[in-house]
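As the structure is a prediction and not an experimental result, all values here were calculated from the model.
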Amino acid sequence: MRKKWEIEEEYRNFCRNNKELALQTLRELTLTPTETGKEDQRIAYCMEWMKQQGMESVHTDELGNVIWEYRPEQEKKVLYTAHLDTVFSLEEPLEIKEDGMIWRCPGITDDTVNVVMLLMAAKYVHETEPELPCGLIFAADLGEEGLGNLCGVRALVDHYEKNLCGMAAFDLYRDKMYPICIGSVRYRISAKTKGGHSFLNFGRKNAIAELAGLIGELYCFQTDAASHTTYNVGKIEGGTSVNTIAQDASMLFEFRSEDYRSLEACETYLEETIAARQSEEVQYSCELVGKRPCARETDPVQMARMTRCAQKTLKAADGEEPVCSEASTDCNIPLSRHIPAICVGFCRGGGAHTREEWLDAASVEDGMCAAVALVCRLPWMCCESRVVVKDGIEDRKEKEEIRQLLELCDQDFVPPLSHRNSTSQTNWAETEEKTDGIAEYLENICSQHVVLWKEEGVVRAFMTWKDHFNCENLEAYPDSCYLTTLCVWPDYRGQGISEVMYAEAEKDIAAKFPGSRITLRTWSTNGAQEHILDKLGYSLVRRLKDDRGEGIDTVYFVKKEENEKNDR
């Protein structure tokens, strides 16, 4: 991985040389009819296309997903998907209307152009055979739309789950990406009654009226204010004529939420409400017709790294960074099984799910560059990482890696670490002549409690802390546990690692010194750290003005207790 995010020239050259192939493939695939559950023609097209590009091992699974693997012998794998179905039927008239570089046709962007991005990225990998830390799976999958219920990606994750270390779904548009998934539960709910003549049998239960009463109760449900949870009746049908008391009525109903606990509460409310309305006169049935699960707990560092990688890669391709949002996509399945996943689109367009759907074909080349780059970069974001908690550093390898990290981050500190002699130095005037203090500083922190963040066994971040710390500037917090040093390798910043360090240190302190207050200090121009401290519930308790030079104060913080958080 490069330190900077610019698109490598070899990616640009490939996309420039293959632009016409990509556009021709887009034309052909867009005009190939498809429908959820009836994707056969597109399955055949993709199979033949990949074989023509030399990917002889391309195959379909039992469901029909089109699959090509790169280095299948690798134990760890990253999965890339793009769905072959659209919301339209096989009978939908398909004609590409080109107005300059604006192309209009149903399904052209959701998800046809992203299938083309997937095919072109697979072609690049096949031809160049890049060195990557894991194998890759390219899958044009089925059943993403509507009541397809994500059947394609379910089958893929079922098969590869033990080996998957990450996934990216190619879907939707260039301006947004989706590291957050929206879960949904969909039902067909029916009501049945005896019915009768509207005049002669007036007073009997009417299935339509009873269903309307159920809808009223369901719409009284109070969603959790902390989550974005919604519900909707999308279709109602029933009855036979205007002068008939309806014997049957049904509706399609769904809940949506990004929080699985809220979704479970919705399901419970629905079950209890229907059970309470059942009677001899009215019988209800509730058929589950679709379920897209919410995300469960997933490695926050890896999710942050994958998200940042996608944002920076797309920005490097054409200058605009996509905004993170939430949606229901193929990613729901891996995220519900604790597998990090993101959904990203590569081209500009609009009008999804309408017959006015359009694509800016001028964005295809840059989009292809971003897709190729992301396919080759994302595996490096899925490397094995783990947190190690220790009471001091004795291992020579770890000590050397921490020394390298201190030297790399030296000038990020005020004053630099090389000008200091310990983590509790207070007379900053003494630092002016000192320039070789890294070794001395290292020895000081190696005797402290430490949290290490390792990737592939190498220390990429650490945090140290002292117990029973007393300081004249923290006289209100005697015997505190004092966080002394936090270092994160520059290439790994902005990926949530710092927050992991704080969380692990706080957990370690709570276990070893229950009830002890947690304190720390930094300098006033360290805005990034102060932002994290505010987010994690730390309060500023002391400021020493100009302590580290003109306009640079030393600032002391303490972790809030629960009662203090509530009083905020």
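One finds a salt bridge joining R292 and E144 here, because a Lys/Arg side-chain nitrogen approaches an Asp/Glu carboxylate oxygen to under 4.0 Å. Ion pairing between a basic and an acidic side chain is recognised when a charged N comes within 4.0 Å of a carboxylate O; E161 and R337 show such pairing. Comment: K397 engages E401 in a salt bridge, judged by a side-chain N to carboxylate O separation of less than 4.0 angstrom. The existence of a salt bridge linking K76 and E456 is confirmed by a sub-4.0 Å separation between a basic side-chain nitrogen and an acidic carboxylate oxygen. In summary, D318 and R348 engage in a salt bridge, as defined by a charged side-chain N under 4.0 Å from a carboxylate O. Taking a cutoff of 4.0 Å between a charged side-chain nitrogen and a carboxylate oxygen, K535 and E499 qualify as a salt bridge. A salt bridge is absent between E356 and R104: the closest approach of a Lys/Arg side-chain nitrogen to an acidic carboxylate oxygen does not fall below 4.0 angstrom. Salt-bridge annotation for E398 and K390: present, with a side-chain N of the basic residue lying under 4.0 Å from a carboxylate O of the acidic one. Between R12 and E9 there is no salt bridge, since no side-chain N of the basic residue sits under 4.0 Å from a carboxylate O of the acidic one. A salt bridge between R154 and D330 is absent, with no side-chain N of the basic residue lying under 4.0 Å from a carboxylate O of the acidic one. Ion pairing between a basic and an acidic side chain is recognised when a charged N comes within 4.0 Å of a carboxylate O; K291 and E267 show such pairing. Using a 4.0 Å cut-off between charged side-chain N and carboxylate O, R355 and E92 make a salt bridge.
Side chain of D259 to backbone of S262: a donor-acceptor contact under 3.5 angstrom is found. With hydrogens and angles ignored, the 3.5 Å screen pairs no side-chain donor or acceptor of R174 with any backbone N or O of V344. Under a 3.5 Å cut-off, the side chain of N17 and the backbone N or O of F14 do not form any donor-acceptor pair. No donor-acceptor distance shorter than 3.5 angstrom exists from the side chain of E35 to the backbone of F88, with no hydrogens or angles considered. Remark: the backbone N or O of T298 is not paired with any side-chain donor or acceptor of H338 at under 3.5 angstrom. Judged by distance alone, the side chain of R256 and the main-chain N or O of I182 form no donor-acceptor pair under 3.5 Å. Checking side-chain atoms of E20 against main-chain N and O of R16 turns up no donor-acceptor pair under 3.5 Å. Within the 3.5 Å criterion, the main-chain N or O of L172 finds a donor-acceptor partner in the side chain of N114. Side-chain atoms of T112 come within 3.5 Å of backbone atoms of G107 as a donor-acceptor pair (strictly under, hydrogens ignored). A donor-acceptor pair under 3.5 Å links the side-chain atoms of Y173 to the main chain of A352, judged by distance alone.
The shortest distance between side-chain heavy atoms of E39 and H83 does not fall below 4.5 Å. Side-chain contact between E254 and T230 is absent, with no heavy atoms from C-beta onward closer than 4.5 Å. Annotation: side chain of E357 is in contact with side chain of D110 (closest heavy-atom distance under 4.5 Å). Counting only heavy atoms from C-beta outward, the side chains of V458 and W453 never approach each other to under 4.5 Å. Residues W489 and E455 have side chains not in contact (no heavy-atom distance under 4.5 Å, counting atoms from C-beta outward). Under the 4.5 Å side-chain criterion, counting only non-hydrogen atoms from C-beta, T86 is not in contact with D111. Counting only heavy atoms from C-beta outward, the side chains of Q302 and M381 never approach each other to under 4.5 Å. With contacts defined as side-chain heavy-atom distances shorter than 4.5 Å, the pair I189/I274 qualifies.
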Going through the distances and angles, do L252 and Y187 end up as a side-chain contact (heavy atoms from CB on, under 4.5 Å)?
-> CA-CA 6 Å; L252 291 176; Y187 304 91; over 6 Å; no
Determine, stepwise, if the pair L84 / I43 fulfils side-chain contact (heavy atoms from CB on, under 4.5 Å).
-> CA-CA 8 Å; L84 291 175; I43 291 171; 3.9 Å; yes
Please step through side-chain contact (heavy atoms from CB on, under 4.5 Å) for the pair K19 and V364, ending with a clear verdict.
-> CA-CA 8 Å; K19 177 182 177 181; V364 166; 5.5 Å; no
Would you sort out whether Y178 and S328 count as a side-chain contact (heavy atoms from CB on, under 4.5 Å), showing the intermediate values?
-> CA-CA 9 Å; Y178 305 91; S328 177; over 6 Å; no
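Of all non-hydrogen atoms in F462 and L452, the two that sit nearest each other are CB-CD2, 3.8 Å. Taking each heavy atom of D171 and C343 in turn, the nearest pair found is CB-SG, 3.6 Å. Looking at every heavy atom in both residues, V78 comes nearest to C134 through CG2-SG, 3.6 Å.
Between Y124 and Y11, the ring centre distance stays below 6.0 Å.
Geometrically, R188 does not engage F253 in a cation-pi contact, judged by NZ or CZ lying under 6.0 Å from the ring centre and within 45° of the ring axis.
With rounding to the nearest 0.5 angstrom, the SG atom of C409 is 9.0 Å from the CG atom of L486.
Among the candidates T60, L63, V153, the single residue satisfying the side-chain contact (heavy atoms from CB on, under 4.5 Å) test with L142 is L63.
Aromatic ring pairs are classed by plane angle as parallel below 30°, tilted from 30° to 60° and perpendicular above 60°; the pair F170 and Y80 is tilted.
The local environment of CD in E287 is crowded, with over 12 non-hydrogen atoms from other residues, nucleotides or ligands closer than 6.0 Å.
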